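Shown next, in structure tokens, is the structure this report addresses.
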Amino acid sequence: MISTQLIIFCINPRCNNPINPMGDSVCASCQTPLVHRYLWATGSLSAQISPGTKVADRYEVIKQQIWLDTQPGLPSDVPEELPTAVIPYLRLYQERLHLPQAYGFASNLEEDEDTTDILLLENAPIDKTGNIYPTIVEAWEQATAVRQVYWLWQILQLWTPLSELGLSHSLLLADNLRVQGWCVRLLELYQTPADEKLSLQNLGECWQFWVVSAKASVAKGLQNIVQQMCETEIELEAINIQLNNLLLAAAAELPLVLKVAGSTDIGPIMAQNEDACYPNTLSDLDEPLLRHLSIVCDGIGGHEGGEVASQLAVQSIKLQIRALLAEVTEQTGLVPPELLQEQLEASLRVVNNLICARNNEQKRQGKERMATTIVMALQVPQRVQTSTGWQSNNTHELYLANVGDSRAYWITRNYCQLLTVDDDVATREVRFAKSLYRKALFRPDASALTQALGTRNSESLRLKVQRFIVEEDGILLLCSDGLSDNNWVEQSWQNYAIPVLTGQLTIEDAVRNWINLANEKNGRDNTSVVLTYCRVSPEYIVPVTPALPEEIIEAEIQEEEEELQEPTSFTESSQTLLDLDLDLGIPEEPILSPDIPPTLITKPNRGKRLVMLGGVLALLVGGTSLGLFAWWQINPQGFQQICRQLPQRVQQLCLPGE
């Protein structure tokens with residue numbers, strides 16, 4: 001059926017007149033923001049459907065295989081038994097930043113024709129106007145040197161998870177690899193033919209046509225890497241190391257100026273603020289960590305519970321990151337991203353054990369147990385020799401970790417990207433291939449948390465730490481669900497972030513404006529917002545703090561080391577104290593909905609020991625409050641100084657014997 005009028009339906013179920021012209025931003029009747037959800041229709045059949053066709057009285061075919069859901073507030077069609085083709089999309093939901101997600105099916109296109117179901121994918125590389133993003137081939141020559149290497153590095157990180165599911169063929173099809181700025185995004189997943197055994201050689205052969213036209217500063221390095229992939233049976237780890245070194249050397253050519261601001265607000269309804277953040281406008285104005293670390297925590301457990309957990313998490317992470325950065329600066333070579341990721345994972349387990357121990361000591365059970373979500377970002381300033389041969393003080397690495405439903409977004413003048421995945425029931429149902437995400441959202445317990453710090457011992461945590469490279473101007477937004485609920489970040493980012501990027505608004509004012517929006521739209525909760533403005537080009541004149549010269553950075557590091565006294569580093573013989581079981585065959589129950597039956601989680605054993613860097617030993621010993629006591633013994637003055645900054649009830653968690 002050919003449509004004669006392009007319309008979009010309001011998602012508000014209580015709207016009296018939900019029909020609106022397509023392209024309007026808000027509903028004319030109820031002022032609810034309208035959702036324009038563009039989908040990628042898979043399969044050869046979908047490619048035969050002409051633009052202008054309306055499918056299933058719902059989907060407008062905008063362009064070949066690009067459909068618009070005109071009724072995004074309704075559940076999509078999903079069979080009771082999920083087809084085999086959809087399972088890989090669900091299993092790989094954690095990679096949603098790079099991969100599309102299953103949305104639903106369109107079937108019976110013509111009443112008199114027996115057709116095969118068409119799988120519809122959301123989160124596909126399609127922009128807000130319905131245009132598909134360019135391929136890597138199309139964007140390659142215009143890309144900077146660091147971006148060219150960064151694209152290849154992302155593909156290499158996807159090689160293993162896709163290969164494990166027999167999908168590595170998806171990374172060899174040039175038309176399937178699209179780019180949204182820095183980010184590589186796949187149109188769809190393709191099964192590797194059963195008679196083909198793909199290897200790094202196949203990937204290298206795909207890349208060799210691109211690196212011929214790579215930027216001069218990275219061309220030789222890329223050609224050497226690709227040659228090894230094509231001509232030798234080299235291990236993935238070896239290629240990963242070489243490509244990472246080239247990536248960091250290329251990124252370090254760029255300047256990097258960081259400006260961070262944050263604040264937390266009780267909101268118009270709540271009796272107390274269970275959120276905590278770093279930095280906070282009320283404090284933390286001159287700390288050396290300020291340009292490198294940002295944290296948002298959303299406490300759970302009510303008065304003298306959630307707020308204690310969130311504040312303790314912030315202070316504990318700060319202590320550990322000080323020690324970690326001090327240790328990193330002492331290294332003569334680059335610290336591998338895998339090791340830094342392991343350190344951050346271990347830091348989160350430390351926080352978890354501290355809160356869990358206090359719960360056990362106070363005999364808190366069920367919903368009485370205090371806990372906290374966390375989203376944290378760490379910019380690690382490693383020294384490296386750049387591609388053109390000079391020594392740089394910063395590799396532009398940004399590490400991101402989250403537990404719970406506090407979120408991180410990367411925002412530029414052109415797009416807003418959600419970087420994290422919520423730990424909630426809806427996500428769990430997708431990861432275990434039980435439901436499509438949109439269908440899972442209709443569950444009454446969809447938003448119930450399945451993970452938070454402090455509810456169970458650290459072995460129960462399923463953690464993922466991501467590494468990004470800051471190679472463009474942008475804003476990293478960390479926030480609690482007081483802002484992110486109901487998609488207000490996605491709906492408001494242009495009004496609140498672009499003025500900062502164009503120098504029309506300070507980052508402090510942007511934080512306050514976003515909190516005001518949250519109080520107006522999601523006023524039932526506390527709200528925390530931390531913004532990090534990252535500038536790598538002098539294109540815009542923005543009120544930011546100048547980058548510190550090397551001697552000042554070194555002085556700050558020396559001061560931190562003196563405060564911590566001599567951080568304890570672990571030797572090989574002491575590693576056995578820190579082994580953490582990563583085979584998570586344990587129940588994962590919703591924290592806020594204890595009546596839901598438990599579901600088993602399995603995660604492959606990575607076969608690596610966690611070697612914690614300086615200053616973290618004490619908090620890991622035994623996974624109890626004994627860890628705090630040991631840290632206190634190592635550095636009593638520094639530890640007590642930090643703990644005395646906390647409220648009285650939190651001090652009781654930190655100061656042994658007081």
Side-chain angles (χ1 to χ4, degrees), residues 97-98 144-154 156-157 181-184 218 221 240-260 288-295 317 320-348 375-387 390-402 408 410 417 419-420 463-476 478 530 532-537 547-548 550 553 556-557 613:
L97 184 60
H98 303 286
T144 63
V146 61
R147 184 164 287 186
Q148 289 177 341
V149 184
Y150 196 14
W151 285 341
L152 300 185
W153 185 83
Q154 292 173 63
L156 197 64
Q157 306 317 298
W182 66 273
C183 186
V184 173
V218 297
N240 207 2
I241 291 173
Q242 294 181 53
L243 194 60
N244 179 66
N245 290 344
L246 183 61
L247 172 60
L248 296 186
E253 295 278 359
L254 302 172
L256 180 59
V257 178
L258 302 172
K259 171 76 172 175
V260 186
L289 287 174
L290 190 58
R291 286 171 300 281
H292 301 291
L293 178 65
S294 55
I295 311 170
I317 289 294
Q320 296 179 74
I321 295 304
R322 278 174 177 253
L324 176 61
L325 290 182
E327 188 79 13
V328 168
T329 59
E330 294 180 354
Q331 306 304 308
T332 57
L334 288 172
V335 180
E338 295 80 11
L339 181 56
L340 287 170
Q341 288 167 326
E342 288 173 351
Q343 307 316 306
L344 294 177
E345 286 185 15
S347 296
L348 293 177
V375 58
M376 60 175 289
L378 176 64
Q379 200 281 305
V380 180
Q382 296 198 70
R383 292 183 175 89
V384 66
Q385 183 173 336
T386 69
S387 300
W390 57 278
Q391 193 75 14
S392 172
N393 289 325
N394 205 317
T395 52
H396 290 227
E397 291 175 285
L398 181 71
Y399 289 84
L400 187 66
N402 72 295
W410 177 249
Q417 298 166 326
L419 303 180
T420 53
L463 299 173
K464 179 182 180 182
V465 179
Q466 304 177 79
R467 199 276 295 261
F468 302 94
I469 300 299
V470 181
E471 50 86 60
E472 65 179 346
D473 293 355
I475 293 174
L476 178 69
L478 307 186
V530 178
T532 303
Y533 172 74
C534 307
R535 194 183 75 194
V536 301
S537 72
L548 291 177
E550 180 176 352
I553 293 176
E556 285 186 347
I557 293 171
L613 298 177

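One is the number of the first residue; the rest follow in order along the sequence. Keep in mind the model is a prediction, meaning the values are calculated, not measured.
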Item to complete: Supply the atom-to-atom distance Leu254 CG to Ser537 OG, rounded to the nearest 0.5 angstrom.
Response: 9.0 Å

Worksheet, complete the sentence: Closest non-hydrogen atoms of His98 and Cys183, given as atom of the first, atom of the second and distance, are ND1-SG, 3.7 Å

Worksheet entry | Evaluation steps, side-chain contact (heavy atoms from CB on, under 4.5 Å), between Leu248 and Ile469 | CA-CA 8 Å; Leu248 296 186; Ile469 300 299; 3.7 Å; yes

Discussion item. Under the rule for side chain to side chain contact (heavy atoms under 4.5 Å, CB included), what residues qualify as partners of Asn394, not counting sequence neighbours?
Written reply: Leu256, Gln379, Pro381, His396

Item to complete: Decide yes or no on side-chain contact (heavy atoms from CB on, under 4.5 Å) for Phe468 and Trp410, but give the supporting numbers first.
Response: CA-CA 10 Å; Phe468 302 94; Trp410 177 249; over 6 Å; no

Worksheet item: Are Val328 and Leu340 close enough that some pair of their side-chain heavy atoms sits under 4.5 Å apart?
Response: yes

Item to complete: For residues Leu97 and Leu419, determine if any side-chain heavy atom of one lies less than 4.5 Å from a side-chain heavy atom of the other.
Response: yes

Discussion item. Quick one, Leu344 and Ile321 - any side-chain contact, counting heavy atoms below 4.5 Å?
Written reply: yes

Worksheet item: Is there a donor in the side chain of Asn402 and an acceptor in the side chain of Gln466, or the other way round, less than 3.5 Å apart?
Response: no

Worksheet item: Do you know which of Leu378, Val465, Ile317, Leu324 makes side-chain contact (heavy atoms from CB on, under 4.5 Å) with Ser347?
Response: Ile317

Fill in: Gap between atom CG of Leu334 and atom CG of Asn245 - 0.5 Å precision
5.5 Å

Discussion item. Can you confirm whether Val260 sits close enough to Val530 that some side-chain heavy atom of one is under 4.5 Å from a side-chain heavy atom of the other?
Written reply: yes

Practice prompt. Please answer whether the main-chain N or O of Trp153 pairs with a side-chain N or O of Gln157 as donor and acceptor at a distance below 3.5 Å.
Written response: yes

Worksheet item: If you look at every heavy atom in Ser294 and Thr532, which pair is closest and at what distance?
Response: OG-OG1, 3.9 Å

Worksheet item: Taking only residues two or more places apart in sequence or in another chain, which ones pass side chain to side chain contact (heavy atoms under 4.5 Å, CB included) with Pro336?
Response: Glu338, Leu339

Worksheet, complete the sentence: Output for pair (Leu243 CG, Gln154 CD), nearest 0.5 Å, gives 10.5 Å

Fill in: From CD (Gln382) to OG (Ser392), nearest 0.5 Å
11.0 Å

Discussion item. Using side-chain heavy atoms (C-beta onward) and a distance below 4.5 Å, is Val375 in contact with Leu400?
Written reply: yes

Response to the item:
Heavy-atom nearest pair, Leu478 first then Ala377, reads CD1-N, 4.1 Å

Discussion item. Please evaluate residues Glu397 and Val335 with respect to the criterion side-chain contact (heavy atoms from CB on, under 4.5 Å), reporting the C-alpha separation (whole Å), side-chain torsions for both, the decisive distance (0.1 Å), and the verdict.
Written reply: CA-CA 11 Å; Glu397 291 175 285; Val335 180; over 6 Å; no

Discussion item. Show, in sequence, the C-alpha distance, side-chain angles and deciding distance for Tyr399 and Met376, and conclude whether the side-chain contact (heavy atoms from CB on, under 4.5 Å) test is met.
Written reply: CA-CA 8 Å; Tyr399 289 84; Met376 60 175 289; over 6 Å; no

Fill in: For Glu472, all residues meeting salt bridge (charged side-chain N to carboxylate O under 4.0 Å, His left out), sequence neighbours excluded
Arg147

Worksheet entry | Option among Val149, Thr144, Val536, Leu247 that satisfies the side-chain contact (heavy atoms from CB on, under 4.5 Å) test with Glu471 | Thr144

